[in-house]
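Single-structure report; data block below.
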Amino acid sequence: MALEVDGVCKSYGAVRALSNVGFSVPRGEIVGLLGPNGAGKSTMMKSILGLLRPEAGRILLFGQDVLTDPVAAKRQIGYVPESPALYEFLTGGEYLDFVADMYGLDVATRRERIAQFLSGLELLGHENSLISGYSQGMKQKVALIAGLVHRPRLLVLDEPLNGLDPRSARVTKDLLRNLASHEGVGVLFSTHVLEIAEAICDRVVILNRGAVVASGTVATLRERAGLGGSGLEEVFLALTGTGDLSDVVAALSH
Amino acid sequence: MNFHRVRRLSSTLVASQLRSGRSGSNPRGFFGRAVVIALADVALFLVAFGGAEAVVRTSSLTSAQLALLVDTTAPLLPLVAVAAVLVAGVMFELTATVKFSGSDAANWLPITPSEYVAASSSAIAYTYSPAIALFLGALLPLAWAAGVVPTYALAAALSALALFEGAVLVEMVRATTQRATALGSGRRGSATFVLRAVLLIVLILAFNLAFNPVFLLGFLQQFSSVSILTALVPVFWSTRAISEWVGGATYVGAAFALGQAAFVGMLVYLAGELRVRFWVPAPTEVRLSAPSPQRGHPILDALGLSRPEAALVSKDLRGFVRRREMLPTLVVPIVLVVLLFVEGGTIGRFGSVLWVGWVAGFFALLLAVTSIGQERRSLQSLLAFPITARAVLRAKATSVLFPSLLGAVAMALTVGALFGFSPLEYFGLVLANGAGAVVLALWGLVFAARFSDFQDRPRPQYLRPGAMLAAMGSGMVILFAILLPASYAVLVPSPSTVVLGLEAALLAVAVGALALYWARTGFDRLFRELPF
């Protein structure tokens with residue numbers, strides 16, 4: 001198992017962000033972490049990285065508690081935060097070089113990998129420009145490359161396709177699929193675009209108000225929600241108790 | 001010009017400034033409203049008024065003496081107002097990060113350049129108005145007692161105009177430096193950044209020095225006839241108007257006052273034109289020459305830093321030159337050293353040695369306390385990298401000490417050259433300055449690890465204000481406790497002063513060790529959990 005989350009609880013003051021959350025990410029699988037805004041997805045991902053300390057529960061990375069040796073754990077994880085805060089006074093190339101230094105990549109390896117990623121995500125020619133001049137999509141691509149460049153064994157991706165153009169989004173999705181199926185990389189992937197989750201995730205975990213309300217394959221969830229022929233969107237809305245939205249839409253239309 | 005739009009934009013810009021410096025509190029609360037500045041004006045005015053009134057009542061000054069005091073002080077008020085707004089504006093407004101400069105929305109909202117200039121200038125003038133409220137409050141009881149209230153009223157009106165004049169000048173500089181900071185667009189080479197930084201530093205330095213009283217008076221005294229100079233330079237016209245009024249030349253005074261108002265009107269027009277001509281609405285794409293992946297950092301490697309630590313130091317050092325908001329910090333020691341050249345003759349050898357030691361230590365402290373907060377939201381990435389808290393501490397200490405020690409040595413050499421030091425004195429001075437800088441850097445890191453502010457703001461503060469005060473206060477006590485005996489031992493070597501020097505060294509080691517311990521525990525705590 002790449003990742004096992006068991007009984008994790010986390011509060012911010014009086015607000016319970018995670019409540020007894022448990023799920024797992026097997027090696028070679030892409031698991032979608034879904035939920036409405038404020039459901040606790042980002043908190044969960046930060047806890048996996050050791051950026052936040054849960055009050056209860058445990059998080060095992062390849063069988064080892066992430067808090068036992070946080071540096072070793074981080075070395076195995078590739079993380080793309082929800083809103084990547086890059087050092088905007090560096091160029092894209094300098095930033096990736098900095099990240100490669102952080103993961104201890106040798107010069108030849110980093111040169112080859114960074115060039116491949118820059119080319120694949122159509123950033124070649126921009127690597128010597130300051131990040132401050134990049135579009136949101138370009139910054140997201142740099143964050144993605146930074147999360148992938150050291151070939152992690154587990155990817156924790158918080159809305160990784162935000163702002164990407166269709167081609168780059170497609171490249172990223174296919175890359176994730178390949179990494180999972182051929183390299184055995186475990187992928188935990190959060191998104192609000194349910195079509196994407198349905199298309200690439202082997203299983204999904206739905207969080208609502210800090211608790212897991214459902215998990216399994218999309219087909220399993222459909223059956224559980226009694227929505228056999230429906231898409232993931234209907235299943236998601238039913239499981240998160242969002243219900244019928246026609247009144248809201250009608251009110252906003254006037 | 002749509003004045004309603006100007007007023008609305010202006011109040012929004014003021015609110016943005018007020019709220020930018022505060023976190024965790026209600027932005028719509030009392031201290032987040034523009035009216036709070038007006039109340040601060042009134043409060044400062046009343047406090048100064050009360051103090052001056054008490055002095056007038058208890059003093060034995062005659063009306064004539066009080067009138068003389070008002071007549072000589074009032075003409076300087078407009079000059080103080082322009083200087084205060086210009087220096088504060090250049091230091092704080094021009095170095096605000098572009099995305100927060102408060103003017104971004106003006107790029108797409110239906111606002112004309114003149115409307116923007118008028119609104120932004122009004123906002124800047126209003127924001128810094130407490131600087132002049134204090135003086136006006138203090139002067140009123142004197143003017144009242146002396147029976148020269150009309151002079152006071154003229155000075156007050158022209159000071160308000162001067163506040164606006166200073167703000168318009170800031171706007172003009174902002175527009176032109178926007179283009180200056182975009183110089184690198186399309187060019188290649190790291191020299192671009194150095195050029196940009198030098199341009200901004202020179203600009204900030206020029207304004208700081210030009211409106212420094214020592215420089216200004218020194219400059220004026222170069223001229224055989226100050227009256228000709230003040231008649232020719234519009235920034236002095238308000239001063240001249242009040243002087244003429246006081247001297248009984250009412251019409252000449254009125255002419256200068258009207259001339260000043262016309263000059264400000266022309267500045268508003270010019271500022272609008274400059275904005276049209278030079279404003280760069282979008283962040284420009286600055287390109288550097290293609291770097292190959294780095295093969296290490298030879299100097300940093302030689303210091304025994306690991307690869308990630310060296311990468312962090314290298315990143316921070318680049319940030320010093322490339323980050324606009326860091327420039328005021330870099331300017332501080334330069335301004336202080338230039339002032340030493342001006343005032344060196346008056347403060348003597350001992351004073352000068354203390355001065356550069358203080359500048360070196362203060363600079364190290366300033367860099368250290370801001371070193372963690374400047375990571376801002378990127379701290380999340382830093383904590384996600386496989387690097388220990390201790391490694392980050394080593395990297396941060398190095399990135400603070402590198403420029404600080406260079407500065408300390410450079411300043412020691414400068415003051416040594418100024419006073420013709422012997423090699424032994426040079427050595428002692430470098431040692432004392434270096435020790436002060438190291439201890440203050442570690443002391444600053446103690447605060448940075450515990451009280452950093454990671455909020456994105458127009459004017460990033462990096463460290464919580466209370467902690468900044470505590471760090472500066474305690475840091476200065478420590479610094480002088482080391483510098484005073486050390487400097488004495490260097491300049492007046494004798495068995496007793498050498499003992500003093502050794503005591504200073506012991507103190508430096510003890511405080512340094514304690515600070516290192518606290519910094520380590522602080523970094524360990526910081527790395528336990530993301531603080532935001």
Side-chain angles (χ1 to χ4, degrees), chain A residues 45-47 49-53 67 69-91 93-115 125-134 143 146-147 150 156, chain B residues 97-99 182 184-186 188 190 192-193 282-297 306-312 314-316 318-326 374-389 391 454 456 527-531:
Chain A
M45 291 186 158
K46 286 175 187 168
S47 301
L49 262 291
L51 302 182
L52 297 175
R53 299 244 164 177
L67 296 179
D69 186 353
V71 171
K74 287 169 187 176
R75 203 166 278 135
Q76 300 187 72
I77 303 177
Y79 175 52
V80 176
E82 186 183 10
S83 315
L86 309 174
Y87 297 114
E88 301 215 343
F89 55 87
L90 297 180
T91 67
E94 285 172 345
Y95 181 78
L96 294 173
D97 214 37
F98 166 76
V99 172
D101 268 334
M102 286 291 150
Y103 288 103
L105 292 187
D106 62 74
V107 173
T109 309
R110 83 174 60 173
R111 179 181 290 162
E112 183 195 336
R113 287 189 198 165
I114 291 174
H126 297 284
E127 71 274 25
N128 299 321
S129 298
L130 284 191
I131 293 174
S132 58
Y134 282 10
H150 60 292
V156 178
Chain B
T97 31
V98 176
K99 66 176 174 173
S185 178
R188 286 168 183 270
S190 306
T192 306
F193 288 110
T284 48
E285 187 176 335
V286 179
R287 295 171 65 82
L288 298 182
S289 51
S292 56
Q294 293 186 6
R295 290 174 175 78
H297 310 272
S306 69
R307 197 68 191 269
E309 288 165 5
L312 263 174
S314 169
K315 182 266 292 177
D316 281 349
R318 283 189 176 118
F320 286 147
V321 188
R322 298 183 186 178
R323 295 170 72 162
R324 201 180 157 101
E325 66 271 25
M326 286 305 293
Q374 64 176 267
E375 292 286 336
R376 286 190 261 175
R377 296 281 150 182
S378 302
L379 185 76
Q380 182 175 325
S381 306
L382 192 59
L383 264 63
F385 289 131
I387 183 168
T388 62
F454 300 100
D456 271 335
F527 269 65
R528 260 182 68 80
E529 189 164 62
L530 193 66

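Naming: A, B, ... by sequence-line order, numbering from 1 per chain. Values below: all heavy atoms of this structure, side chains included; hydrogens, waters and symmetry mates excluded.
- Summarising the geometry of A/Met102 relative to B/Pro308, their closest heavy-atom pair is CE-O, 3.3 Å, with the distance given to 0.1 Å.
- Considering only residues two or more places apart in sequence or on other chains, B/Glu375 meets the salt bridge (charged side-chain N to carboxylate O under 4.0 Å, His left out) condition with B/Lys315, B/Lys396.
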Anything under 3.5 Å between a donor and an acceptor, one on a side chain of residues 73-80 of chain A, the other on a protein residue two or more places apart or in another chain? List them.
from	atom 1	to	atom 2	distance (Å)
A/Lys74	NZ	B/Leu383	O	2.5
A/Gln76	OE1	A/Arg153	NH1	2.6
A/Tyr79	OH	B/Gln380	NE2	2.9

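- Taking each heavy atom of A/Leu90 and B/Arg318 in turn, the nearest pair found is CD2-CD, 3.6 Å.
- Considering only heavy-atom pairs separated by less than 4.5 Å from chain B, the leading option among A/Val71, A/Ile131, A/Leu67 is A/Val71.
- Interface remark: B/Leu379 contributes no atoms to any contact with chain A (heavy atom separation under 4.5 Å).
- With contacts defined as side-chain heavy-atom distances shorter than 4.5 Å, the pair A/Phe98/B/Ser381 does not qualify.
- Within the 4.5 angstrom heavy-atom criterion, atoms from both the backbone and the side chain of B/Ser378 approach chain A.
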Next item on the list: Might you work through the salt bridge (charged side-chain N to carboxylate O under 4.0 Å, His left out) test for B/Arg376 and A/Glu88, ending with a clear yes or no?
Entry: CA-CA 12 Å; B/Arg376 286 190 261 175; A/Glu88 301 215 343; over 6 Å; no
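- B/Ala384 and A/Leu49 get closest at one heavy-atom pair: CB-CD1, 3.8 Å.
- A/Arg53 contributes a side-chain N or O that, together with a main-chain N or O of B/Arg528, makes up a donor-acceptor pair within less than 3.5 Å.
- A donor-acceptor contact shorter than 3.5 Å links the side chain of B/Arg322 to the backbone of A/Phe89.
- No side-chain heavy atom of B/Phe385 sits less than 4.5 Å from a side-chain heavy atom of A/Asp101.
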